Undergrad: 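One structure is given below, represented as structure tokens, and several questions about it will come after.
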Amino acid sequence: MIDTLLRLEDVHASIGVSHILQGVSFDVPTGDVTVIIGRNGVGKTTTLRAVLGLVERSGAIHYRGERIDTLETSRIARQGIAYVPEDRDVFGDLTVSENLALAERKGSDHHYDLVYELFPELETRGRQLAGTLSGGQQQMVSLARGLLNDNPLMLIDEPTKGLAPKVVAEVVGALERVKGRSTVLMVEQNIAAARRLADHVVIMAQGRVVAQHSPEVLEDDATIREALGVGGTKGGR
């Protein structure tokens, strides 16, 4: 087994004229959940997008021991890297079932049994247009698309953002149940959720990694206040 599934080495990324990532380096251990935290605008989302080649970037990105930073996004995704974006990106004019069917990848088993066990509403609402779902239900669709295939790596961007507490509990509970099924690199500002999921914590500031910790750091109020720029540890955007 590869101890490190994903490795970023001196990754720089730009959006337009803005130099967002300024030499990001860290490892994502196989089978674990690595959570990135930091203030708004420090490059957390850009880090996930850089892995997939969705932004202009330089530096080395290794996946399963091989460099992928020279590949097109479509080829990267076909290697079993799922992306759950913060804005969910469901196809609103398609049904729930059609959204899931579009996520099916050739060469992979399709785990509808798992998806419907985790999110029973998606089965009962299979014929409903995804655009008419609540924000929480759309997040379930987005996560389900990532869990449908055999994906060694999932990139998940703020899965609890903007959700009601009840839905947050359901989403986090589902992610807890599938821990170990895929390696996860996740951005999450909800510290209570991060505490339940994280095996490793990466703290970013000003486009750089400033610290890496075990999950116990999430119990340190002073460190979290400094990392997030907030007055408490409840999280938020």
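Side chains are part of it too, since the values below use all heavy atoms of this structure and drop only hydrogens, waters and symmetry mates. Given the structure is predicted, the values throughout are model-derived calculations rather than measurements.
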Undergrad: Report, as yes or no, whether the 6.0 Å neighbourhood of atom CD on Gln206 holds more than 12 heavy atoms from other residues, nucleotides or ligands.
TA: no
Undergrad: Check whether any side-chain heavy atom of Pro215 lies under 4.5 Å from a side-chain heavy atom of Arg195, and answer yes or no.
TA: no
Undergrad: Evaluate the criterion side chain to side chain contact (heavy atoms under 4.5 Å, CB included) for residue pair Leu100 and Arg145; output intermediate values, then yes/no.
TA: CA-CA 6 Å; Leu100 294 178; Arg145 291 185 305 196; 4.0 Å; yes
Undergrad: Under the 3.5 angstrom rule, does the side chain of Asp27 hit a backbone N or O of Pro29 as a donor-acceptor pair?
TA: no
Undergrad: Within the 4.5 Å heavy-atom criterion, are Leu21 and Val24 side-chain neighbours or not?
TA: yes
Undergrad: Will you find, in the side chains of Gln138 and Arg88, an N or O donor that is under 3.5 Å from an N or O acceptor?
TA: no
Undergrad: Would you check, one step at a time, whether the test side chain to side chain contact (heavy atoms under 4.5 Å, CB included) holds for Leu6 with Leu185?
TA: CA-CA 9 Å; Leu6 181 72; Leu185 176 59; 4.0 Å; yes
Undergrad: Group every Ile, Leu, Val, Met, Phe, Trp and Tyr by side-chain heavy-atom contacts under 4.5 Å, then state whether Met140 and Leu129 land in the same group.
TA: no
Undergrad: Holding to salt bridge (Lys or Arg N to Asp or Glu O under 4.0 Å), I want the full list of residues that pass it with Arg57, two or more places apart in sequence or in another chain.
TA: none
Undergrad: Using the side chain to side chain contact (heavy atoms under 4.5 Å, CB included) rule, take Val172 and Leu197 through it: C-alpha gap first, then chi angles, then the decisive distance, then the call.
TA: CA-CA 8 Å; Val172 174; Leu197 295 169; 4.2 Å; yes
Undergrad: If you round to the nearest 0.5 Å, how far is CG of Asn149 from CD1 of Ile81?
TA: 13.0 Å
Undergrad: Is Gln212 atom CD crowded by more than 12 heavy atoms from other residues, nucleotides or ligands, each under 6.0 Å away?
TA: yes
Undergrad: Name all residues meeting the side chain to side chain contact (heavy atoms under 4.5 Å, CB included) criterion together with Ala227; count only those two or more places apart in sequence or in a different chain, and write none if there are none.
TA: Ile37, Ile203
Undergrad: What is the minimum heavy-atom distance between Met204 and Gly207, and which atoms define it?
TA: CE-C, 4.2 Å
Undergrad: I need the Ser58 OG to Asp69 CG distance, nearest 0.5 Å.
TA: 9.0 Å
Undergrad: Kindly give the heavy-atom pair with the smallest separation between Ala194 and Val35, and that separation in Å.
TA: CB-CG1, 4.2 Å
Undergrad: For salt bridge (charged side-chain N to carboxylate O under 4.0 Å, His left out), just list the numbers for Glu117 and Arg177, CA-CA rounded to whole Å, side-chain angles, deciding distance to a tenth of an Å, and then say yes or no.
TA: CA-CA 11 Å; Glu117 179 185 348; Arg177 289 171 65 185; 2.8 Å; yes
Undergrad: Report yes if the side chains of Leu122 and Val141 come closer than 4.5 Å at any heavy-atom pair, otherwise no.
TA: yes
Undergrad: If you measure from OH on Tyr83 to CG on Asp89, what distance do you get to the nearest 0.5 Å?
TA: 7.5 Å
Undergrad: Does any part of the side chain of Leu133, heavy atoms only, come nearer than 4.5 Å to the side chain of Val96, both counted from C-beta?
TA: yes
Undergrad: Does a side-chain N-to-carboxylate-O contact under 4.0 Å join Glu158 and Lys44?
TA: no
Undergrad: Apply side chain to side chain contact (heavy atoms under 4.5 Å, CB included) to His111 and list each qualifying residue two or more places apart in sequence or on a separate chain.
TA: Asp109, Asp113, Leu114, Asp150, Arg181
Undergrad: Taking atom CD of Glu56 as the centre, report whether more than 12 heavy atoms of other residues, nucleotides or ligands fall under 6.0 Å from it.
TA: no
Undergrad: Quick check for you: to the nearest 0.5 Å, what is the distance between Asp32 atom CG and Thr30 atom OG1?
TA: 8.0 Å
Undergrad: Consider only side-chain N and O atoms of Gln137 and Ser134, and report whether a donor and an acceptor are under 3.5 Å apart.
TA: yes
Undergrad: Supply the atom-to-atom distance Arg64 CZ to Gln79 CD, rounded to the nearest 0.5 angstrom.
TA: 8.0 Å
Undergrad: Name all residues meeting the ring-ring contact (aromatic ring centres under 6.0 Å, His included) criterion together with His110; count only those two or more places apart in sequence or in a different chain, and write none if there are none.
TA: none
Undergrad: Quick check for you: to the nearest 0.5 Å, what is the distance between Ile20 atom CD1 and Ile15 atom CD1?
TA: 5.0 Å
Undergrad: Return yes if some donor-acceptor pair links the side-chain N/O of Thr95 with the main-chain N/O of Arg127 below 3.5 Å, else return no.
TA: no
Undergrad: What's the shortest heavy-atom distance between Ala13 and Val55, and which atoms?
TA: CB-CG2, 4.0 Å
Undergrad: Identify whether the distance between the nearest side-chain nitrogen and carboxylate oxygen of Arg49 and Asp157 falls below 4.0 Å.
TA: no
Undergrad: Might you point out which heavy atoms bring Thr124 and Glu121 nearest each other, and give the distance in Å?
TA: OG1-O, 3.0 Å
Undergrad: Just so I know, are the side chains of Ser214 and His200 near enough to count as touching, which here means a heavy-atom distance under 4.5 Å?
TA: no
Undergrad: Answer with yes or no after comparing the ring centroid distance for His19 and His12 against a 6.0 Å cut-off, counting only values under it.
TA: yes
Undergrad: To which residues is Leu102 joined in a hydrophobic cluster, defined by side-chain heavy-atom contacts under 4.5 Å among Ile, Leu, Val, Met, Phe, Trp and Tyr, whether direct or through other members?
TA: Phe91, Leu94
Undergrad: Taking Ser18 for the side chain and Ser14 for the main chain, is one N or O donor matched with an acceptor at less than 3.5 Å?
TA: no
Undergrad: Given side chains that start at C-beta, do those of Leu48 and Val187 come closer than 4.5 Å, heavy atoms only?
TA: yes
Undergrad: My understanding is that only one of Ile68, Leu52, Thr70 makes a side chain to side chain contact (heavy atoms under 4.5 Å, CB included) with Ile61; could you say which?
TA: Ile68
Undergrad: For atom CZ of Arg75, decide whether the heavy atoms of other residues, nucleotides or ligands shown that lie under 6.0 angstrom number more than 12.
TA: no
Undergrad: Heavy-atom distance under 4.5 Å between the side chains of Lys161 and Gln189, does that happen here?
TA: no
Undergrad: Decide yes or no on salt bridge (charged side-chain N to carboxylate O under 4.0 Å, His left out) for Lys179 and Asp199, but give the supporting numbers first.
TA: CA-CA 10 Å; Lys179 275 192 71 168; Asp199 297 301; 3.3 Å; yes
Undergrad: What is the minimum heavy-atom distance between Val115 and Ala144, and which atoms define it?
TA: CG1-CB, 3.5 Å
Undergrad: Tell me, please, which residues at least two apart from Ala164 pass side chain to side chain contact (heavy atoms under 4.5 Å, CB included).
TA: Val167
Undergrad: Please tell me if the side chains of Leu175 and Val171 come closer than 4.5 Å, counting only heavy atoms from C-beta onward.
TA: yes
Undergrad: Of all heavy-atom pairs between Gly80 and Pro152, which one has the smallest distance, and what is that distance?
TA: O-CD, 3.0 Å
Undergrad: Counting only N and O atoms by type, is there a donor-acceptor contact under 3.5 Å from the side chain of Arg225 to the main-chain atoms of Asp220?
TA: no
Undergrad: Assess the residue pair Met154 and Thr183 against the criterion (side chain to side chain contact (heavy atoms under 4.5 Å, CB included)); give the C-alpha distance rounded to whole Å, side-chain angles, the decisive distance to 0.1 Å, and a yes or no.
TA: CA-CA 6 Å; Met154 292 186 67; Thr183 300; over 6 Å; no
Undergrad: Between Thr132 and Gln128, does any side-chain donor sit less than 3.5 Å from a side-chain acceptor?
TA: yes
Undergrad: Check whether any side-chain N or O of Ser25 sits under 3.5 Å from a backbone N or O of Asp10 as a donor-acceptor pair, and report yes or no.
TA: yes
